[in-house]
Novice: 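After the C-alpha cells below, expect a handful of questions from me.
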Amino acid sequence: MAEDSASRIASAAGVEPVLEAKGLSQGQIVRKRFLGHSGAIIGLAVFAFIFIMAFTSVGYLGIPGWWKYTHEQVSPLVNDGAPTSSLWPLAWGEHPFGQDRIGRDLFAMTMRGAQQSITIMIVIGLIAGLLGVVVGAIAGYFRGWAEAILMRLTDVIIIIPALLLAAVMAQLAGRRDQGSWFASFASTNGVLALGIFLGLISWVSLARLMRGEFLSLREREFVDAARISGATNARIIFKHILPNAVGVLIVNVTLTMSAAILTETALSYLGVGVKAPDTSLGLLISQNQQAFATRPWLFWFPGMFIVLICLSINFIGDGLRDAFDPRQKKFNARKAKDPLGPAGQTGAVTGLDAPEREGYRPGPPADGTRDW
Amino acid sequence: MVTYIFRRLVTAAFILLGASYFVYLLTAASGDPLEEFRANPTPQKQQLIDARTELLQLDTPAPLRYFKWFGGAVQCLVPFGNSCDLGKNIAGQPITDALGNALVQTLTLVTAATVLAILIGITLGIVTALRQYSTLDYGVTFMAFLFFSLPIFWVAVLLKEFGAIGFNNFLRNPEVTVPVALGIGVVLGIVTAVAAGGHLKRRLLAGAVVFAFVAAVLTYFSATEWFKTPGLGPVVIAIAGIGIAFAVTLLSAGLKKRKALQSALIAVAVGVVLYFLLQPLLNEATFIMIVLLAVGFVLIGMGIGYLMGGYDRGQSMRAAAITSFLVGFLILLDRYMQAWPSYFNNSRVRGRPVATIGASTPNIQGDFWVLGLDSFTHLILPTLALIHVSLASYTRFTRASMLEIMNMDYIRTARAKGLSERTVVMRHAFRNALIPIATIVAFDIGALIGGAVITETVFSVRGMGFLFLDGIAHVDPNPVMGVFICVAITAMVFNLIADLAYSALDPRVRVKA
C-alpha cells in the first residue's frame, strides 16, 4: 500500500546532539520538555481554571455549587439583562455575564454548557482512545484475518456521517415513552449518551494510527528479543510495544478531544445534540443568534468559552506532541545556513519547532467539509 | 498497477455496500415519517398517511426496502442507460434532480473557498517555515490554533453581523475619517513590519511605507467617493502590473534573468494596450468569452517570451505568461468594478449589496457583470467562513512538510554547490514539500462534494449539506442516501487518486501490485 510513506528519514542538518536526555527516564524527559513549552503550560492553566470554575460554580451531579443561580432559575432582570461585570473597577456584580430575555443567569448557563462540553470531550477521548488502541493493536500486531476484518470495519465506519448518528440518537432519546433501556438511559443522561455515541465513531482514525505504529514497532529488534526470551503476545503488546506508542496515542487523543468539542457544539447548534431544557455552549449560541442586535452578550460569552476550551486543549496537544516526539530536536534554520554557528538563538525552545509526525493531521475542522 | 487499482475498487464497492445498508437502516430508524399526520385531526388523515406510505413504500420493512432502493440505484452504473433511479423525496421530487441542483449550489459555494484556502495556506506555510521562530511564525502559528478552535457557526454569525450588516451600513455613506484611515494604516504598517523580516531598520522602513501608502489611499478613496464608484483604471493597472512583473520574475526566474524580466514587462505593456481595446468587447461578455480571453492572455504572454528568445526561452515564456494572466485578471476586476454602481443601485439590491442568505438575489435582472457581482456578494461571507477552517490545517501542514524538507541532505548539497537561495527554496525544497500536500488536496477535493452542512445552514444555501440535513429532519431516507452515495464514491475515488498520486510523485513509494 502506498501509505508506507518514506518520510521517516532522520533529520541531519543543523541538529544539535541530544544532551538533555542524560540520565533521565522517558517520563522525566517528557515531563521536562512539556514543562518547558510555555504555550502548553498556559493552555493547561487556562483549561484547569475553566474546568474548576465550570464544575464547582453551578454544581454537578446534584452537588450544589457556590454560584447563587442555576441554569434553569429565572430571576428578575437587572439592568435589562446586560452584563454587570466590569474590568475597571474590577467587579463581579449580580449577573456577570448578563441575563437572557426571561431572566436566566447567563453565567450559570455558560458554566453548565462548559460542563457538558468538557464531559462529552472526556467521554469521547476515553472511549475513542480505548477502542482505537484495542483495534489498532490487534490489527497491527496479529495481522492476517484480524487485520483485514478490522480495517474494513474502520473503512465502513469512517464514511458514515456523524451527523446521521447524532440525529438517530437524538430521535431515540426523544421517545421517552418507548420504555426501552436505551431510550430511558439516553433521555436521562443526554450528554453521556451523545458522548458515547460520538466516541463509538471517532475511534477509527486513532485505530489506523495505532495500527501503523504497531506495524512498524513489531518489526523492531527489541520485540524479537522479547519473543525469543519467551514473552507472551500480551506481554509484548503491553510491556514492549504500547509504551513506545503511547506518545502518538496521547497526542492524538488530545486532538480528538479538541475536535470533539467543536463537533458537540456544532451538533447542538444543528439541533441534534444536547437539547433543551438542558443546555450546552452550542445550543446557547443557536438559541441566541437571532438576538445578536439586542443582546450581543448572549452570543459572545458562550462562544468565547468554546474558543478558550478548544484553544487550550490544542495548545496542550501541541506541547504533548513536542514532548513525546523523539525526533524533535532543536533545529535552527538560521544556524543550518550560517557556518559561524548559533547566533544566540539556541535558547528559543518552544514547541513550535520540528516537523510534525507524518501521522498527525491537525484536528479535523468542525465543519462538514471533511467529516460528515 | 492495474491489479492494485482493480483490487482497491472491488474493496471500495464492498465497503460502500455495507456502509450504505447501515446508513439506510439508521435513517429509517431515526424517526417516524408519518408522525406529522398522526396528530392531524382532519378527516383526510388516513388518505395522507396512505399517500405517503405509497410514495415512500413504507409498507415494506426498512431492511428489505433498501434492496428496492438498491435495485434502482444500480441502474445508475449503466452508462447512457438513462434509467437512473434514486427514489423520490418526501415531496415526490426525484432525488436525481434534487441532487443535481444541490451539487451545483455546493460546488459554487465550496470551490472558491477551497482554492483560496490552498493557495493562501501553502504560501503562509512556506513563509513561516523559512522564517522559523520569527514573530511572523509565532503569529501565524497562534492564528492557526485560533482558527482550529473557532466554531464555524459562531464565525458565520459574526460575519453576518459585521461583514454584511456593518459593511452595508458603511457603504450607505462611505466616508473614512482621517483618524480611522491613520488607525488602519498603523495596523497594516505594524503587520508589514512584523512580516518583513530582516533588520530592525528595514522592518521599520517597510512598515512606515505601508502606513503612509494605506493612509493616503484611504483618505483619497474617501474624498473621491471611490467606494461608490470603484475602479482601477489603466494607470493603476500599469503600476500594479509592473509590480507583478517584478514579483513573478523574482519567484519564477530570478531578477538576474534580464530576458525574463523584459518579457514580463512587455506583457504588462501589451496588457495595458489591450485594456483599451477590450472595453467595447467586454460590454458584451459571456462566460465562454472570459475563459477564451484568459487563455488568450496566457498565449500572448508565452508568445512574448518566445519572441524574446535567448538561451533560456522557457523561463521568459513562463514569467511573461504568468504576468500576462495576472494583468488580464486585473482588467477583469476593473470591469467588475465598473459595473458596481449599476449593481449597487439595482432595484432588487437597493444599496445593501453584501447578502447574508441564499446564493443569489431572487429575480435579479442585469447583464453578465451585474449577475457576476451578485453571486460574488452572496458568496463572499460563506467563503470567508469556510476558508478559516481549512486555511489553518493547510498552513500547519505545509509548514511541517517544508521544515522537514529543509532539513534534508539534498538541500544542504544544493546550497553547498552554490545555488542561490531562490533556486534552493523554489526548485529543490518547495516542489518536494508539495508532495505530501498533494495527497491532502486530493482528499479535500474529494470531500468538497459533501458540502458544508453548517455553513449551508447558516447562509441558507440549498446545497448537498442542506439536502442531507433536510432528509434527516423529515426521516426521509432517499435524499440522505443520495447525498451519502455521492460523497462516499467521490471520497473513495479521490482516496485512490491520492495514493496513486503519491506513488507517482515520490518514486520511493510504490504501490503493491
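The figures that follow rest on heavy atoms only: side chains count, while hydrogens, waters and symmetry mates do not. Within every chain, numbering begins at 1; the chains are lettered A, B, ... in the order of the sequence lines, protein sequences first and strands thereafter.
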Novice: Of the backbone (N, CA, C, O) and the side chain (C-beta and beyond), which part of B/M402 lies under 4.5 Å from a heavy atom of chain A, both, or neither?
Specialist: neither
Novice: What part of B/A488 lies closer than 4.5 angstrom to a heavy atom of chain A: side chain, backbone, both or neither?
Specialist: side chain
Novice: Just so I know, are the side chains of B/P151 and A/V307 near enough to count as touching, which here means a heavy-atom distance under 4.5 Å?
Specialist: yes
Novice: Select, from B/L16, B/V23, B/T457, the one with the greatest count of heavy-atom pairs under 4.5 Å involving chain A.
Specialist: B/V23
Novice: Tell me, side chain or backbone of A/I159 under 4.5 Å from chain B's heavy atoms, or both, or neither?
Specialist: both
Novice: Heavy atoms only, distances under 4.5 angstrom: which of B/V480, B/L158, B/I165, B/T27 has the most pairs with chain A? Name it, please.
Specialist: B/L158
Novice: If you measure from CG on A/N314 to CG on B/L146, what distance do you get to the nearest 0.5 Å?
Specialist: 10.0 Å
Novice: Surrounding CZ of B/F14 (heavy atoms of other residues, nucleotides or ligands, distance under 6.0 Å), is the total greater than 12?
Specialist: no
Novice: Please test A/I157 against B/F22 for side chain to side chain contact (heavy atoms under 4.5 Å, CB included), starting from the C-alpha separation and ending with a verdict.
Specialist: CA-CA 9 Å; A/I157 293 179; B/F22 197 57; over 6 Å; no
Novice: Return the minimal non-hydrogen interatomic distance between A/A266 and B/I454, and the atom names on each side.
Specialist: CB-CD1, 3.4 Å
Novice: Need one label for B/F147: side chain, backbone, both or neither, based on atoms under 4.5 Å from any heavy atom in chain A.
Specialist: neither
Novice: Side chain to side chain contact (heavy atoms under 4.5 Å, CB included) for A/T265 and B/F153? Distances and angles first, verdict last.
Specialist: CA-CA 9 Å; A/T265 50; B/F153 49 91; 3.8 Å; yes
Novice: What are the two closest heavy atoms between A/L262 and B/F148, and how far apart are they?
Specialist: CD1-O, 3.0 Å
Novice: Less than 4.5 Å to any heavy atom of chain A: does that hold for the side chain of B/T11, its backbone, both, or neither?
Specialist: side chain
Novice: CD1 of B/I152 to OH of A/Y269: how many Å apart, nearest 0.5 Å?
Specialist: 10.5 Å
Novice: Roughly how far apart are B/F145 CZ and A/S258 OG, rounded to 0.5 Å?
Specialist: 9.0 Å
Novice: Is the side chain of B/W154 donor-acceptor paired with the backbone N or O of A/P302 at a distance under 3.5 Å, no angle test?
Specialist: no
Novice: Counting neighbours of OH on B/Y21 that are heavy atoms of other residues, nucleotides or ligands and sit closer than 6.0 Å, is the number greater than 12?
Specialist: yes
